Amino acid sequence: MIWDLSQLVRSTEPTALKKEMISGVAEAQEIRKLYHGKIIDFDAKSVLGFLELRDAYLLKYEGVVEYCYLLYSADSTSEVAKELHEAIREAQMKIEQEFAFIDIELGKLLSKNPSLVQNPVLGEYRHLLEKILRRVPHMLAENEEQLIIAKDKNGVNSWQLLQSDWLSTRTFEIEIEGVKKQLPYGKIIGYYQSPNRELRRQANQIVYENLGKDEILWASAIRAVCGDHLQMCKLRKYPHAMTQSLIANDVNKNSIDSLMRTIERNVNLYRRYLGLKAKLMNLPKLANFDLAAPLPKAPETKYSWQVSRKEVVDAYAEFDEEMGIWAEEMFTRRHIDGKIRKGKESGAWCASWISGKSAYILQSFNERLGDVYTQAHELGHAIHAYLGSRNQKPSNLEIGSCIAETGSVFGEILLTERLLRKARTREEKQAILANVLDEFGMAAFQVSARVFFEQSMYDSIQQGKFLDGETVAKLWTEARDKIYGGSVDWLDVMKWEWTMKPHYYMANRRFYNYPYVYAQLFVFALYKLYKEQGKAFIPKLRRILAAGSSKAPHDLAAELGFDINKEGFWQKGMDQAKEFIDMLEATM
Ligand SMILES: [Zn+2]
């Protein structure tokens with residue numbers, strides 16, 4: 001259950017690793033010396049040579065970089081890990097500075113000579129160049145960009161620090177079985193999913209009541225972050241508050257508009273599920289603190305590491321034999337760390353190892369159904385990395401959020417299919433389906449409310465309104481009610497829910513939200529297609545995963561015969577959700 005990181009490097013000796021870092025920085029300096037100021041005169045062949053050189057550089061040092069980060073996430077208390085982590089961060093910052101000229105100079109070259117993008121010599125890098133070209137009209141001069149980085153560091157970036165410091169230093173008083181306890185934020189939110197309804201209610205009430213007491217602080221922060229963004233939109237000539245995010249996610253406004261319209265047209269489907277969940281919980285109506293709660297009759301099945309491994313690997317193998325082999329290889333090569341221990345990072349993620357054509361997964365395996373799902377999810381990312389690294393240049397593996405979750409969420413549905421087939425009792429089936437639908441509701445609908453909320457803040461500022469705490473809270477509840485209508489009872493203090501979302505305080509993370517909605521419906525639509533086409537669909541999914549970031553999401557969908565600008569595509573994803581809801585209703 002513990003991973004083997006030694007495969008990443010030639011030697012795990014700290015002095016040898018530091019030597020490699022030094023030569024990595026020196027090589028970056030050398031590249032800058034050779035090419036700075038020269039890119040503007042490149043022809044297609046020299047652009048190709050240069051991009052291949054940069055890719056070779058990335059591959060050469062990837063193992064060392066990854067080793068240092070992964071070692072630290074596996075044990076942040078180890079002195080060696082701390083030292084190497086700090087050293088690699090320092091080296092990477094230097095390398096980033098040395099390479100900062102590349103995108104700026106490529107941008108200048110492409111705006112001088114846009115036909116280069118279509119040059120067949122650069123075929124493999126075409127979409128990378130298209131993405132740079134799309135950013136060109138919004139780039140500022142090099143010294144202006146540097147100034148923005150400098151002013152953000154102590155300016156707009158500080159709001160995020162303030163918010164996270166607030167959350168990590170406050171304690172909240174809660175009464176558990178007659179005993180009063182002071183709990184930090186990270187602990188008290190654990191009670192949001194407690195089987196005890198009164199504890200769930202209390203935890204929500206206490207946290208949001210306290211956040212609301214500092215509404216003046218949160219409103220100031222939100223006003224500053226949004227105001228700064230609108231100012232930058234003017235400077236960078238973004239036509240819309242969402243443009244920066246659209247470019248970063250490699251999508252266009254039309255497709256997101258049709259996605260959000262599909263959500264609005266299907267709110268009743270989600271509300272229908274919430275009604276069914278209320279019935280399963282023996283409640284006339286759900287309260288907000290029931291949304292993520294487990295079903296009262298859910299069986300408490302334990303899944304050992306070996307059982308989980310078999311279920312997940314078989315789920316992939318039943319779909320595609322080779323995917324099953326890759327999933328199994330992640331275990332046999334010891335690329336998954338599941339053991340719970342002190343000093344290990346919480347949460348779960350998968351890091352691609354491109355030069356090794358594989359990946360590494362970290363999770364905290366607790367033998368619960370949710371942990372089996374997490375394993376399936378992360379192995380989906382790993383399979384994405386297996387296919388991508390075998391088919392693409394490293395530069396084409398910077399996959400945007402809309403597509404990055406394709407393998408992972410698809411894998412979760414494959415697991416669902418398998419577990420449902422094996423489920424013996426009605427309660428087991430209900431627990432599996434509720435798990436899937438809770439996640440779907442959260443990612444597709446709850447997150448959509450946040451998209452509406454964010455847009456309404458920019459609209460209000462542009463109409464000259466002053467956003468004080470109560471005004472922001474009103475925008476929040478209006479956006480929320482657009483999704484939930486009267487289907488859920490909300491504690492009054494939930495109007496302060498926006499205050500705890502870190503993304504709202506992050507600079508350059510405007511409209512972080514819709515990619516989650518996008519990914520959910522995209523994958524549900526793919527799964528529906530699989531059900532219609534059977535085995536013929538398998539190579540199509542492989543092509544999407546193998547494409548990495550070499551194609552825009554729009555083109556990936558087009559290859560399947562879909563137009564993501566049209567609501568019909570997104571509706572297909574919604575219809576798959578409806579099938580799961582119908583299945584749940586049939587068990588009742
Ligand atoms: Zn993921």
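Just so you know, ligand 1 is whichever comes first in the structure, and atom 1 is the first atom listed for that ligand. Everything numeric in this text was worked out from a predicted model, so none of it was measured. When reading the values below, keep in mind they use all heavy atoms of this one structure, side chains included, and skip hydrogens, waters and symmetry mates.
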Enquirer: Can K277 and D438 be counted as an ion pair, charged N to O under 4.0 angstrom?
Expert: yes
Enquirer: Name all residues meeting the salt bridge (Lys or Arg N to Asp or Glu O under 4.0 Å) criterion together with D575; count only those two or more places apart in sequence or in a different chain, and write none if there are none.
Expert: none
Enquirer: Can you list, by chain and residue number, the protein N, O or S atoms under 2.8 Å from the Zn ion (ligand 1)?
Expert: H377 NE2, H381 NE2, E405 OE1, E405 OE2
Enquirer: If you measure from CD on E567 to OG1 on T262, what distance do you get to the nearest 0.5 Å?
Expert: 4.5 Å
Enquirer: Under 30°, 30 to 60°, or over 60°: which ring-plane class applies to Y69 and H85, parallel, tilted or perpendicular?
Expert: perpendicular
Enquirer: For the atom pair OG (S448) and CD (E264), what is the distance rounded to the nearest 0.5 Å?
Expert: 9.0 Å
Enquirer: Should the pair H381 and H377 be assigned to parallel (<30°), tilted (30 to 60°) or perpendicular (>60°) ring geometry?
Expert: perpendicular
